[in-house]
K.L.:
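Handing you a structure now.
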There are 2 protein chains.
Amino acid sequence: MAASTTTRNRTRPVDKYDERRNQLAESALATLGELGYAKTSLREIANNSEFTHGVVHYYFRDKFELIVYCVRYYKARCVRRYDDVVADATTADELLDGFAAKLRQTLREEAPMHRLWYDLRNQSMFEESLREAVTTIDRTLEEMIWRVVSRYAELAGREPVTGPAAAYGLLDGLFQQALLGYVAGDETALETLSGQVHGLMPLLLRPADQAGRTVPAPQSRS
Amino acid sequence: MAASTTTRNRTRPVDKYDERRNQLAESALATLGELGYAKTSLREIANNSEFTHGVVHYYFRDKFELIVYCVRYYKARCVRRYDDVVADATTADELLDGFAAKLRQTLREEAPMHRLWYDLRNQSMFEESLREAVTTIDRTLEEMIWRVVSRYAELAGREPVTGPAAAYGLLDGLFQQALLGYVAGDETALETLSGQVHGLMPLLLRPADQAGRTVPAPQSRS
DNA sequence: GAAGATTCTTGACACTCGTCAAGCCCAGCT
DNA sequence: AGCTGGGCTTGACGAGTGTCAAGAATCTTC
């Protein structure tokens, strides 16, 4: 009975409809962040909301549409997280400090969301239907990181030695490792990450005096 | 009825018993690598073996013991993968080439195993019972990578700028990104990874002439 | 070859899952 | 007031899950 994508009918309760979808997505994200993809059921999602399990099927065709909607909904919130840092910094060191601080804060405050993100990204390696949504958001994250790195290089008056993909891969690896430790109860993961990032970022800049080798950017975008 | 951990009784069919366990673990790993943790059932595992689903409970108390056994079983096979490369190389460049080639090969031939590993590592962020096994193998992988990096530095006559954890995090990030792309069908991920690693590794060495900054090693081991 | 232990199959159980349809509730219109 | 229809609840279904027990099949040992 529900309409195709987001509009319901012409009478106009479009916003009400989307509002409920977002409300359910919020509950779903909270549940997924707590239990993980494997153990999250629609009933559990509904229990974490103020509705019952039937409602989910009123607003989403099936479980999959809900999950994908959640991924996109989540992306909209997280993808501009470092833009302020980039915009406000006036020196390379200031940018680096702000970036590291924001990473620490993200780790501390958004750990469930991020373990969910890694979970879903991994699921996309098994479930092809998730792949498109995941690839899209992953690319957006890469661009977000690249805005930081390239601006950092600019402020330092040097050039990055890596392309966007490599820069994202490196930083994401450190962050994921820190998240793993932090979730396991290692409080020092916060400071460790900060220190590692402070150490890594300068390495991503080509030395001013000499022409070093570069980490080649991917030839194409597949 | 089954014995406690691995020995069965004193008559001596210890090896037979363990052999079956390993056989089942092999089937389980194949299934898990294909379907992922979330969608793998004991019946499916048994179907991929020459036994029926009841046998699983004859050799493993429950699903969890099987999974954990699999993780450890898998680790035993993969953790010395780069040792030959380290032992055989006589120059830094040779080591680097061999390492990159081995990474390419791993990506091409063992993609299902590795997406499974990342899946399980992520699950450990939701399921505490997995944490210990995962942490153990993760540390072993870190040591494996560190053997490569430190030997690489040694051959180059320089010092690493990172500690073992950061080195592992960085390389793991690149590998995971490449795996994601490769599984999604991007064949160029192989060469991209190789190029990125060739670019990254020299950055991990402190310049011979000057005393650069270092990526601090974690203070403690949590 | 019989007796006993071990290994494996089969079928059942209690439960949870996603899905769906029937109907209740209540705001808004005539 | 009475009706209408969208929003929501409830309860059911079939399929699939982990687990387990009872017994068949196979091997071991005397």
K.L.:
If I take atom CG in residue B:Asp18 and atom C1' in nucleotide C:dT7, what distance separates them, rounded to the nearest angstrom?
P.N.:
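Taking CG of B:Asp18 and C1' of C:dT7, I get 15 Å after rounding.
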K.L.:
Name the orientation class of the two ring planes belonging to A:Phe99 and A:Tyr82 (parallel below 30°, tilted from 30 to 60°, perpendicular beyond 60°).
P.N.:
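It falls in the perpendicular class, over 60°.
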K.L.:
Expressed in angstrom and rounded to an integer, what is the separation of B:Phe51 atom CZ from C:dT6 atom P?
P.N.:
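Roughly 18 Å, once rounded to whole Å.
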K.L.:
Among all residues two or more places apart in sequence or in another chain, which pass the side-chain hydrogen bond (donor to acceptor under 3.5 Å, both in side chains) test with B:Arg131?
P.N.:
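For B:Arg131, no residue satisfies side-chain hydrogen bond (donor to acceptor under 3.5 Å, both in side chains) once neighbours in sequence are set aside.
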K.L.:
Could you give the CZ-to-C1' distance, from B:Phe60 to C:dT7, as a whole number of Å?
P.N.:
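Nearest whole value for this atom pair: 15 Å.
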K.L.:
Working note: A:Leu141 + A:Ile145, criterion side-chain contact (heavy atoms from CB on, under 4.5 Å); need CA distance, chi angles, decisive distance, verdict.
P.N.:
CA-CA 6 Å; A:Leu141 292 171; A:Ile145 291 298; 5.7 Å; no
K.L.:
Assign a letter to each nucleotide of nucleotides 17-27 of chain D from its 5' end: B, base within under 4.0 Å of a protein heavy atom; S, sugar-phosphate only; -, no contact.
P.N.:
SBB--------
K.L.:
A:Leu24 has an atom CG; how far is it from atom C1' of D:dC8, in whole Å?
P.N.:
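Taking atom C1' of D:dC8 as the reference, CG of A:Leu24 is at 11 Å.
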K.L.:
Please work out whether the ring planes of A:Tyr17 and A:Tyr59 are parallel, tilted or perpendicular, with thresholds of 30° and 60°.
P.N.:
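Tilted: the ring planes of A:Tyr17 and A:Tyr59 meet at 30° to 60°.
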K.L.:
Using a strict 4.0 Å threshold on nitrogen-to-oxygen distance, state whether B:Glu44 and B:Lys39 make a salt bridge.
P.N.:
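No, B:Glu44 and B:Lys39 are not salt-bridged.
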K.L.:
Apply side-chain hydrogen bond (donor to acceptor under 3.5 Å, both in side chains) to residues B:Arg20 and B:Gln23 and explain how you reach the verdict.
P.N.:
CA-CA 5 Å; B:Arg20 278 280 177 283; B:Gln23 213 172 338; 2.9 Å; yes
K.L.:
Please report, rounded to the nearest Å, how far the C1' atom of C:dT9 is from the OH atom of B:Tyr59.
P.N.:
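Those two atoms, OH and C1', are 13 Å apart.
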K.L.:
Measuring to OP1 and OP2 of D:dC8, would you say a side-chain N or O of A:Tyr58 lies under 4.0 angstrom away?
P.N.:
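False: A:Tyr58 side-chain N/O out of range (4.0 Å or more) of D:dC8 OP1/OP2.
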K.L.:
Expressed as a whole number of angstroms, how long is the span from A:Asn47:CG to D:dT10:P?
P.N.:
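Rounding to the nearest Å, CG of A:Asn47 and P of D:dT10 are 12 Å apart.
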